[in-house]
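What follows is one structure encoded as structure tokens, with my remarks underneath.
Below, chain A is the first sequence line, B the second, and so on; all start at residue 1. The figures here come from the full heavy-atom set of this structure, side chains too, leaving out hydrogens, waters and symmetry mates.
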2 protein chains.
Amino acid sequence: MTLTNNSKRRKELVAIAARLFFEQGYERTTVRILAEAMGIKSGSLFHHFTDKQAILCAVIESGMQSAMQIAHEALEGVQDPQDKLLALTKAHLSTLLTDRNAHVVALYEWRSLTPESLHHLVGLRDEYESLWRSVIQECIQADVLHGEESVVRHFALGALNWTVQWYDPQGQRTPDDLALALVNLLMDRTHFN
Amino acid sequence: MTLTNNSKRRKELVAIAARLFFEQGYERTTVRILAEAMGIKSGSLFHHFTDKQAILCAVIESGMQSAMQIAHEALEGVQDPQDKLLALTKAHLSTLLTDRNAHVVALYEWRSLTPESLHHLVGLRDEYESLWRSVIQECIQADVLHGEESVVRHFALGALNWTVQWYDPQGQRTPDDLALALVNLLMDRTHFN
DNA sequence: TTCTTATTCTAGCGCTTGCTCGGTTTTAGA
DNA sequence: TCTAAAACCGAGCAAGCGCTAGAATAAGAA
């Protein structure tokens, strides 16, 4: 379910907006700056979006939907709890660090959303987090992870989301390396390499 | 070293600004809003600060300095690497969650700083992170923590900093409980309770 | 072609923004 | 009580903001 239409042109514009919001922040990116980057005049923007805020919402929504899809694909056919955790972690980092723009915007700029947009997106986020909830729960029951589920989940997602602050895509470490490092750190004994 | 003066009145204003920046974000908090909350007119603000941006810088700086001080106090007289890690973690969470405003602003709004302010604050941050660097290094050498130092440190600080997104001060968990949970999660076997 | 719909442009309105400046009041120490 | 510094006010400027409305153009179906 989307809030408004989803034309091809609109998606192009959303991708450009994502980059600009990521680079300079939502509030500092004016509609004129957006329009210029899109090759149109500022007035034309409001043919595609009702609001400036609606652009932000579309950016965040696109990021969340792709994250959800990749996560589902990653979990397909995996049975072992630890394998699930690793797969989910890899999926999370891979969307986070490749489709970086939209996700960073989501983490930073949700305060500028209207209550309606926020409610819509919180619903999507909860859907995504419930994937994590069940996988971590399985790991705890399988005794490969210890602690309260919600605390462990928040710590894990925090560690992952924080990577956007320091990870260098040009460096020698791949997202998968990082995922492995985190899972090994969280679990009692090293199981993967 | 501070960028400008540090009068008593100024500190009061900084605390008020921290709250407002935290609640509504830097860009959305206008100088008029700031001034009203401080009980003065917007023009008077610029007697204390050269810029709006200078207010932001002062807010972040105050948070960092208090974090640094608390961390140093926490480490005083502690010898065992694991004890150091726990102490540092507790200190970090305690500043983060009690002096919440300034820290959240630091995490979210650094993009609005001028290059000069940013450079100044990055220096302070590096000083603080080097505390973490040495403690984690000690833990790895003592074989109670495994992995690359920089990766472990970033994961740990990420998990901690993310708490501002979900931790409920009204809930039953204390910051110290959380600190314990994280350290136990990171280390191979449970050492504390 | 002709009709329809999607997209863009031009021009600008009404409002808010950060910030300035000359003058006044308040405060604190000698 | 006098004085100098610190704090504040009032009025407003120049620039930029999100957004609108009506006309022009491009594209696609009939």
Side-chain angles (χ1 to χ4, degrees), chain A residues 2-21 23-60 105 109-118, chain B residues 2-60 105 108-118:
Chain A
T2 329
L3 285 182
T4 40
N5 83 91
N6 234 328
S7 68
K8 189 178 163 190
R9 179 70 175 135
R10 202 180 130 107
K11 284 186 184 172
E12 297 172 12
L13 301 185
V14 167
I16 294 173
R19 204 194 72 235
L20 292 175
F21 288 162
E23 286 171 2
Q24 28 190 329
Y26 171 74
E27 301 280 357
R28 299 167 72 88
T29 308
T30 70
V31 293
R32 275 164 250 259
I33 292 178
L34 285 171
E36 191 177 354
M38 295 164 175
I40 58 179
K41 300 293 175 183
S42 72
S44 311
L45 249 179
F46 296 92
H47 169 75
H48 300 277
F49 306 92
T50 63
D51 260 341
K52 187 191 173 190
Q53 175 272 155
I55 310 178
L56 176 60
C57 183
V59 166
I60 298 180
V105 171
E109 311 284 4
W110 52 267
R111 246 180 328 193
S112 296
L113 296 165
T114 61
E116 297 76 34
S117 300
L118 189 60
Chain B
T2 329
L3 285 181
T4 39
N5 83 91
N6 234 329
S7 67
K8 189 177 164 190
R9 179 70 174 136
R10 204 179 129 105
K11 284 187 184 173
E12 295 171 14
L13 301 184
V14 167
I16 294 173
R19 204 195 72 236
L20 291 174
F21 287 161
F22 166 73
E23 285 169 2
Q24 27 190 329
Y26 170 75
E27 300 281 355
R28 299 166 73 90
T29 307
T30 69
V31 293
R32 276 165 250 260
I33 293 178
L34 284 171
E36 190 177 355
M38 296 165 176
I40 60 180
K41 299 293 173 184
S42 73
S44 311
L45 248 180
F46 297 92
H47 170 75
H48 300 277
F49 306 92
T50 63
D51 260 340
K52 186 191 174 190
Q53 177 270 156
I55 310 179
L56 175 61
C57 183
V59 165
I60 298 179
V105 170
Y108 275 69
E109 312 283 5
W110 53 267
R111 247 181 327 193
S112 296
L113 295 165
T114 61
E116 296 76 34
S117 300
L118 189 61

**OP:** Return the nearest nucleotide to the side chain of A:His48; candidates are C:dT7, D:dA7, D:dT20.
**Re:**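 That would be C:dT7.
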Subject >> Closest to side chain of A:His47, choosing from D:dA7, C:dC19, C:dT8 >> reply: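 Of the candidates, C:dT8 comes closest.
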**OP:** Please examine the side chains of B:Ile60 and B:Leu56, heavy atoms only from C-beta on, and report whether any two atoms are closer than 4.5 Å.
**Re:**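 Side chain of B:Leu56 against side chain of B:Ile60, heavy atoms only: contact under 4.5 Å found.
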Original post:
Looking at side-chain heavy atoms only, is the closest gap between A:Val105 and A:Tyr26 below 4.5 Å?
Top reply: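 Side-chain contact under 4.5 Å: no.
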Subject >> Working for side-chain contact (heavy atoms from CB on, under 4.5 Å), residues A:Phe49 and A:Val14 >> reply: CA-CA 10 Å; A:Phe49 306 92; A:Val14 167; 3.9 Å; yes
Original post:
OP1 or OP2 of C:dT8 sitting under 4.0 Å from any side-chain N/O of A:Arg9?
Top reply: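 Checking A:Arg9 against C:dT8: at least one side-chain N or O falls below 4.0 Å of OP1 or OP2.
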**OP:** Measure the spacing between CG of A:Leu13 and NE2 of A:His48 and express it to the nearest 0.5 Å.
**Re:**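 Answer for the CG-NE2 pair, A:Leu13 versus A:His48, is 5.0 Å.
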Original post:
Below 4.0 angstrom, N of the basic side chain to O of the carboxylate: do A:Glu109 and B:Arg28 qualify?
Top reply: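 No.
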**OP:** May I ask you to decide whether B:Arg19 forms a salt bridge with B:Glu23, counting only side-chain N to carboxylate O separations under 4.0 Å?
**Re:**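 Result for this pair is yes, salt bridge flagged.
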Original post:
Taking five pairs at each end, how big is the angle between the two axes of the helix from C:dT1-D:dA30 to C:dA30-D:dT1, to 10°?
Top reply: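 The two end axes of the helix from C:dT1-D:dA30 to C:dA30-D:dT1 meet at 20°.
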**OP:** Look only at the side chain of A:Ser44 and the backbone of A:Ile40, and say whether a donor-acceptor pair between them is shorter than 3.5 Å.
**Re:**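 No; judged by distance alone, with no hydrogens or angles, the pair does not exist.
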Take atom [atom1] of [X] and atom [atom2] of [N], then tell me their distance rounded to the nearest Å.
| X | N | atom1 | atom2 | value |
| --- | --- | --- | --- | --- |
| A:Phe46 | D:dC17 | CZ | C1' | 10 Å |
| A:Lys8 | D:dA27 | NZ | P | 13 Å |
| B:Lys52 | C:dT16 | NZ | P | 15 Å |
| A:Leu45 | D:dT20 | CG | P | 12 Å |
| A:Gln53 | D:dG18 | CD | C1' | 13 Å |

**OP:** Go through residues 21-44 of chain B and report each residue with a non-hydrogen atom lying under 4.0 Å from DNA chain D, sorted by number.
**Re:**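 Under 4.0 Å from DNA chain D: B:Arg32, B:Ile40, B:Lys41, B:Gly43, B:Ser44.
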Original post:
With a cut-off of 6.0 Å (strictly less than), are more than 12 heavy atoms of other residues, nucleotides or ligands near CD of B:Glu36?
Top reply: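 No, CD of B:Glu36 has 12 or fewer neighbouring heavy atoms, counting only those of other groups under 6.0 Å.
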Subject >> A:Glu27 versus A:Ser112, side-chain donor and acceptor atoms under 3.5 Å >> reply: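 Per modelled atom types, A:Ser112 and A:Glu27 side chains form a pair under 3.5 Å.
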